[in-house]
Amino acid sequence: MHEDAAELGVSPPSEEPRATTSIDDIIRMVKTLIEKGHAYAAANGDVYYDVSSFATYGQLSGKHLEDLRAGERVAVDPHKNDPLDFVLWKAAKPEEPSWDSPWGKGRPGWHIECSAMSTCCLGNHFDIHGGGQDLQFPHHENEIAQSEGATGEKFVNLWMHNGFVRINDEKMSKSLGNFFTVREILKLYKGEEIRYFVLASHYRSPLNYSDQLLDAARASLTRLYNALRGLDVPSTALVEDEAEAKFNKAMEDDFNTPEAIAVLFDLAGQVNRLREENMELALQKAGLLKRLANVLGLLEADPEAYLQAGAGDNDDVEQIESLIQQRLDARASKNWAEADRIRDQLHAMNIELEDKDGKTSWRRC
RNA sequence: GGCCGAGUAGCAAAGCGGUUAUGCACUGGAUUGCAAAUCCAUGUAGGUCGGUUCGACUCCGGCCUCGGCCUCCA
């Protein structure tokens, strides 16, 4: 998993706590919740959270307790005071791993694990908590109730719930048989292409996967790299530019990456136009383009290297360059038929040529 | 059934009560030996039915469709 994440340009986490090594913290939090009147131990050895003790329960997901009770569809556990109460500590079952606790042997409930571990690693109050949209209720709702109930402090400032990946507008799932992994896609597409594909729609929206969309991502990225190609891009670029303000505004608006990417294309167009008439300014804009794209983890590669790299192996570079030289010779003697034949041959190898200023560059397509 | 969220041109995807989103694809032109890349110009939208407004893709309501959650597990 870490390898695949790295391929997509995802930074590794600084801490990865495990529930099984956080049992003491979990027990401590459950005890605190009981002491503060937010939880109760039932006769069967379970400990439950008393939802009615937390006034704002349901606020995150916009739910009301009455609606939730009305929607009950399943037989209620008789040990709960209220059907909505959820388990903090579960009495041990014979075949399951268990730990000692003040309430007897048992194991933690799912929700409390996350509250205890996040509080331990990040403190009582932290800035951003993310997760899939399916976790908003009840899991995140329960985390808030637990953490704020235990600490008396605000839990997190901002919740980010991402949409699901779908395939042909169907949910990706094992039962539908349309399940595949990042690793499999990485055989066909570069990590940066997948990253672009993900960033090209808002994180809250569902993301529909298809090879056509990955191809489109590839084409878009090619345009951006083409704008930088052949330029000696300065590492320090324009301090002030309208584009930067627009980019930042988009990102500050709940990570509106599609809008931020549109700014990148505006800059790419400017660079392309300025190359002819004002190289100095073109370089400044290119530097800005690269710097802003880097914020999104894009355009970090050398353009030439990127455009010539295949998704798989590429051990045929020598052959390609030899063919290009043969074609240059043919062109020099105005043997257009031979030149075109070689270009067709390269095209069959998915190589696209570009003649410019007497030189020929190539890229994979 | 209840509660949230969404429905934008050929494909994908944003903002915005009136003025070009953006990318790919398509069309015409420039450039090129021909291409490619690039530039210029242009076409194609807002699920549906109503309402508010001088004016709605944008606000309000109904309907339709899709997604998430509403039990356990993580």
Side-chain angles (χ1 to χ4, degrees), chain A residues 19 58 60-77 83-84 86-87 90 96 107-111 113-114 131-141 161-166 169-171 196-197 199-202 204-210 212-227 229-230 246 249-250 253-254 256-277 307 327 330-337 339-341 343-344 346-347 351-357 360-363 365:
Chain A
L60 175 71
S61 49
K63 292 181 188 294
H64 303 281
L65 299 188
E66 303 72 46
D67 295 333
L68 290 169
R69 293 198 181 94
E72 283 297 328
R73 296 186 307 189
V74 169
V76 175
D77 189 319
L84 296 179
F86 56 92
V87 70
K90 276 186 249 207
E96 290 176 349
R107 62 188 183 88
W110 166 37
H111 312 296
E113 295 172 0
C114 292
Q133 60 176 233
D134 55 329
L135 297 180
Q136 188 186 50
F137 187 90
H139 187 238
H140 293 331
E141 201 74 68
H161 295 109
N162 61 277
F164 284 166
V165 177
R166 298 198 269 165
D169 286 317
E170 278 187 314
K171 188 164 90 173
Y196 178 94
F197 161 67
L199 290 172
S201 61
H202 193 100
R204 273 191 272 100
S205 308
L207 190 61
N208 196 33
Y209 179 92
S210 74
Q212 288 75 16
L213 293 178
L214 265 292
D215 290 341
R218 169 173 292 172
S220 299
L221 221 35
T222 297
R223 175 168 166 82
L224 292 176
Y225 269 114
N226 266 333
R229 193 175 199 182
K246 278 175 75 178
K249 185 166 173 260
D253 181 15
D254 196 19
N256 193 335
T257 51
E259 206 180 329
I261 285 175
V263 174
L264 301 184
F265 282 102
D266 283 345
L267 275 171
Q270 289 184 49
V271 172
N272 288 333
R273 258 169 271 138
L274 288 165
R275 288 173 96 118
E276 295 301 318
E277 52 197 69
L307 291 167
R327 175 169 170 276
R331 292 184 72 214
S333 54
K334 297 202 190 302
N335 186 351
W336 306 129
D340 290 349
R341 187 196 63 75
R343 185 172 58 203
D344 288 346
L346 283 163
H347 202 80
I351 304 299
E352 191 71 71
L353 299 183
E354 293 172 25
D355 298 325
K356 204 185 176 206
D357 302 331
T360 296
S361 55
W362 62 277
R363 64 183 165 83
C365 58

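Proteins get letters first, then strands, A, B, ... in listed order; numbering begins at 1 in each. Predicted, not measured: the structure shown is a model, and the values here were computed from it.
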Presence of salt bridge, A:Asp340 and A:Arg343, under 4.0 angstrom: yes

Rounded P spacing from B:U20 to B:U53 in Å: 27 Å

Taking atom C1' in both B:U22 and B:U8, what distance in whole Å separates the two? 14 Å

Check whether any side-chain N or O of A:Asn256 sits under 3.5 Å from a backbone N or O of A:Glu259 as a donor-acceptor pair, and report yes or no. yes

Taking only side-chain N and O atoms of [X], does any of them lie within less than 4.0 angstrom of OP1 or OP2 on [N]?
X        : N     : answer
A:Asn272 : B:C39 : yes
A:Arg229 : B:U38 : no
A:Arg107 : B:A74 : yes
A:Ser205 : B:A14 : yes

Protein-nucleotide distance (A:Asn256, atom CG; B:A14, atom C1'), rounded to Å: 6 Å

When rounded to whole Å, the NZ to P distance for the pair A:Lys356 and B:C39 reads 11 Å

Fit a plane to each ring of A:His111 and A:His139, take the angle between them on a 0 to 90° scale, and name the class: parallel (under 30°), tilted (30 to 60°) or perpendicular (over 60°). tilted

Testing B:A37, B:G67, B:A14 for proximity to the side chain of A:His202, the answer is B:A14

Where the side chain of A:Glu259 is concerned, which of B:A14, B:A74, B:A12 is the nearest nucleotide? B:A14

Does A:Ala337 or A:Phe86 map to a spot on RNA chain B nearer the 5' end, using the closest nucleotide for each? A:Ala337

Could one point to a donor on the side chain of A:Arg166 or the base of B:G67 with an acceptor on the other under 3.5 Å away? no

